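Notes to accompany the following structure.
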There are 2 protein chains.
Amino acid sequence: MIRDATDADWPAIWPFMRRIVAAGETFSWDRDITEERARAAWMHRPPGRTVVAVDGSGRIVGTAETHPNHGGPAAHVANAGFMVDPDRGGRGIGRRLAEHVLREARADGYRAMQFNAVVETNTGAVALWRSLGFDVLATVPEAFDHPRHGPVGLHIMHRRL
Amino acid sequence: MIRDATDADWPAIWPFMRRIVAAGETFSWDRDITEERARAAWMHRPPGRTVVAVDGSGRIVGTAETHPNHGGPAAHVANAGFMVDPDRGGRGIGRRLAEHVLREARADGYRAMQFNAVVETNTGAVALWRSLGFDVLATVPEAFDHPRHGPVGLHIMHRRL
């Protein structure tokens, strides 16, 4: 089930978020980001949105956030971020979060969605976004220092809504 | 002359910044952004930098800011923003600001600079960035609602340092 996140969900989000960010393989955040900054970056007020994916036992297994990618005359293009508990990967949680976020973004009146920094070695994510209609508009060369692969590109991905 | 901005410079920056943002033709900010938010977005602490261009009489005629475009493993790519007092346009102030910012970004260890949202109808800016070695990596279609031209593209521009 996907539902809007509340403040009470944060303590269940932060442990897997911290692991994902500390790994430094998929997110362009400081690897030792503080909990306070992570929370401010993820838990949005309108027009941003934050949702959680909850499994059958009520455990939070993933989260997503949406907000305008730029402001003012460009605020009709959404940006979004997704995190799935690494212990729960490969079960379609990311896809269900994405389908929910795309539906909601369309309902909110966004005309397109853009990802600014999809690590090109994150092939699972790239394949998921392609299967959901996103194209790679460009790849910023060597824009991400991967801890195992070295400098790799960041895809800018986009789809109309 | 280009020099680091100080808090005391803000009152001279805000009047022309407000005009540029309110016009809604070149900046992806809320057109009615508050002074407080604009100041927070522009006047950086390290690792960000903010500079001003000062004319012979000591008047501030332009400003620029630089900061990491993303965090953590992607923090070696800079982003920058530029504003020149519209009453002082066409005198090479933007070019001098850009040359300064590029030099400083290189000295700070950035390996590339990326602009995320250059309005394609802002042909003066596009030509300036091209002349300084930037390429258009991609154009996000109809990503900017121009008050006179309608939906226009946003160029993502990039150069190595």
Side-chain angles (χ1 to χ4, degrees), chain A residues 20-33 37-38 41 47 68-79 81 110-119 121-122 135-161, chain B residues 20-33 37-38 41 47 68-79 81 110-119 121-122 135-161:
Chain A
I20 291 168
V21 175
E25 300 198 346
T26 57
F27 258 74
S28 295
W29 285 9
D30 292 337
R31 291 174 70 172
D32 59 352
I33 191 170
R37 288 175 67 92
N69 195 41
H70 298 295
H76 57 282
V77 178
N79 176 251
Y110 289 112
R111 304 209 300 267
M113 184 172 285
Q114 178 180 338
F115 302 140
N116 302 308
V118 181
V119 182
T121 50
N122 190 3
D135 292 317
V136 174
L137 285 188
T139 306
V140 187
E142 302 183 355
F144 188 90
D145 281 333
H146 193 287
R148 291 181 290 116
H149 302 301
V152 298
L154 286 176
H155 291 322
I156 295 162
M157 301 189 75
H158 176 272
R159 70 155 286 178
R160 295 182 190 268
L161 295 176
Chain B
I20 292 168
V21 175
E25 300 199 345
T26 56
F27 258 74
S28 295
W29 285 11
D30 292 337
R31 291 174 70 170
D32 58 353
I33 191 170
R37 287 176 66 94
N69 194 42
H70 298 296
H76 57 281
V77 178
N79 176 251
Y110 289 112
R111 305 208 298 267
M113 184 172 286
Q114 178 180 338
F115 302 140
N116 301 309
V118 182
V119 182
T121 50
N122 190 3
D135 292 318
V136 174
L137 285 188
T139 305
V140 187
E142 301 182 356
F144 188 91
D145 281 333
H146 193 286
R148 292 181 289 117
H149 303 299
V152 298
L154 286 176
H155 290 322
I156 295 163
M157 301 189 75
H158 176 272
R159 69 155 287 178
R160 295 182 190 269
L161 295 177

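By convention in this document, chain letters (A, B, ...) are assigned in the order of the sequence lines, proteins followed by strands, and residues within each chain are numbered from 1. For the numbers below, each heavy atom of this structure counts, side chains included, while hydrogens, waters and symmetry mates do not. This is a predicted model, so every value here is computed, not measured.
With respect to chain B, the highest number of heavy-atom pairs below 4.5 Å among A:His146, A:Arg31, A:Arg111 belongs to A:Arg111.
Contact of B:Val119 with chain A is not made at all, since no heavy-atom distance falls under 4.5 Å. Both the backbone and the side chain of B:Ala143 come within less than 4.5 Å of a heavy atom of chain A. Residue B:Asn69 does not touch chain A at all, counting heavy-atom pairs closer than 4.5 Å. For a residue to count as touching a neighbouring chain, one of its non-hydrogen atoms must lie under 4.5 Å from one of that chain's; by this rule B:Leu154 touches chain A with the side chain only. For chain A, the nearby parts of B:Leu137 are the backbone and the side chain; heavy atoms of each come within less than 4.5 Å.
When all heavy atoms are compared, the tightest approach of B:Ser28 to A:Pro73 is CA-CD, 4.3 Å. The two atoms that bring A:Ala138 and B:Ala138 nearest to each other are CB-CB, 3.5 Å, heavy atoms only.
Remark: side-chain polar atoms of A:His70 are not paired, donor with acceptor, to backbone N or O of B:Phe144 under 3.5 angstrom. Without hydrogens or angle criteria, A:His76 side chain to B:Glu142 main chain gives a donor-acceptor distance under 3.5 Å.
Contact check for A:Gln114 versus B:Asn116: no side-chain heavy atoms found under the 4.5 Å cut-off.
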